[in-house]
Amino acid sequence: FKNEANSSGGAIETDDGGLNVLNTRFEENKSGSDGGAIYNSFSAVTIIGSEFADNTADSSGGAVYNSYSMLIDGSTFTENDSTSDGGAIYNSEVMLVLDTTLSANRAQGDGGAVYNSTDATFDNCTISNNVSGTDGAGGEGGGIYNSDHLFVRSSTISGNRSEEDD
């Protein structure tokens, strides 16, 4: 997918009904609001074996903006950007992430790779070289910004950073 939307979801916007993404590449998608590649509200989302690279959101969730339950397994998120929170993923509902790599993602706000405001689990994941606060105003959570329950197991989190206020 290579698309651009003036509103949410550069490639896909879903509202009710569910979304299954299998072995798909989302590259250079752009949204004028949330979710550079995917915007999801009120639908269960499953993403398996997929790649998200160079997607951009003019708000939150450089690759994916999620406000319902979501499972991500065996996927990669690389060099995605948001002008607000969650360089790769903005999540506000239950999320399970397995065997997934999130690297070199950037958020101008909080959560260089992931902004999470509810329950999230990361198992056997690599979260590396992500940056928050890239607009010079400062940001929190170079790898993950979390404001609720977070469980991390058998994962590598390294080389992430939060930029200082100018």
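For the numbers below, each heavy atom of this structure counts, side chains included, while hydrogens, waters and symmetry mates do not. Just so we're clear, the structure is a prediction, and the values are computed from it rather than from any experiment.
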Answer yes or no: is there a donor N or O on one side and an acceptor on the other, between the side chain of [X] and the main chain of [Y], under 3.5 Å?
X	Y	answer
Ser162	Gly142	yes
Ser128	Thr126	no
Asn20	Val45	no
Ser50	Ser75	no
Asp119	Met95	no
Asn80	Gly87	no
Thr118	Glu93	no
Asp85	Gly109	no
Thr78	Asp54	no

Next on the checklist: Test side-chain contact (heavy atoms from CB on, under 4.5 Å) on Thr121 and His149; report intermediate values, then the result.
Outcome noted: CA-CA 8 Å; Thr121 299; His149 297 95; over 6 Å; no
Checklist entry - What's the spacing between Leu102 CG and Phe52 CZ if we round to 0.5 Å? => result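 Here the rounded value is 10.5 Å.
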Item to check | Separation between CD of Gln108 and OG of Ser59, rounded to the nearest 0.5 Å | outcome: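 Gln108 CD to Ser59 OG: 10.5 Å, rounded to 0.5 Å.
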Item to check | Side chains of Asp58 and Thr83, donor plus acceptor under 3.5 Å | outcome: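 No donor-acceptor contact under 3.5 Å links the two side chains.
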Item to check | Ser60, Ser41, Ser117 screened by side chain to side chain contact (heavy atoms under 4.5 Å, CB included) with Ser92, the one that passes | outcome: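 Considering Ser60, Ser41, Ser117, a side chain to side chain contact (heavy atoms under 4.5 Å, CB included) with Ser92 is found only for Ser117.
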Checklist entry - Of Thr101, Asn130, Val64, which is the lone residue that meets side chain to side chain contact (heavy atoms under 4.5 Å, CB included) with Phe77? => result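 Output: one option passes, namely Val64.
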Can you see which heavy atom on [X] is nearest to which on [Y], and at what distance?
X	Y	result
Glu79	Arg106	O-NH2, 3.7 Å
Asp15	Ser43	C-OG, 3.6 Å
Ser33	Ala57	O-CB, 3.4 Å
Gly86	Ala107	N-CB, 3.9 Å

Item to check | Residue pair Leu71, Leu98: steps toward the side-chain contact (heavy atoms from CB on, under 4.5 Å) verdict | outcome: CA-CA 8 Å; Leu71 166 67; Leu98 309 169; 4.1 Å; yes
Next on the checklist: Tell me every residue that passes ring-ring contact (aromatic ring centres under 6.0 Å, His included) with Phe122, counting only those two or more places apart in sequence or in another chain.
Outcome noted: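 None.
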Checklist entry - Is there a side-chain contact between Leu19 and Ile12, using heavy atoms and a 4.5 Å cut-off? => result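 The answer is yes, as the side chains (C-beta and beyond) meet within the 4.5 Å cut-off.
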Checklist entry - Is there a side-chain contact between Asp123 and Val97, using heavy atoms and a 4.5 Å cut-off? => result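 The answer is no; the side chains never approach within 4.5 Å.
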Checklist entry - Between Asp110 and Ser132, is a side-chain contact (heavy atoms from CB on, under 4.5 Å) present by the stated rule, with each step listed? => result CA-CA 5 Å; Asp110 298 328; Ser132 66; 5.6 Å; no
Item to check | Test side-chain contact (heavy atoms from CB on, under 4.5 Å) applied to Ile89 and Ile72, step by step | outcome: CA-CA 11 Å; Ile89 299 168; Ile72 301 171; 3.7 Å; yes
Checklist entry - Is it true that Glu163 and Arg161 make a salt bridge, defined as a side-chain N closer than 4.0 Å to a carboxylate O? => result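 Yes, this pair counts.
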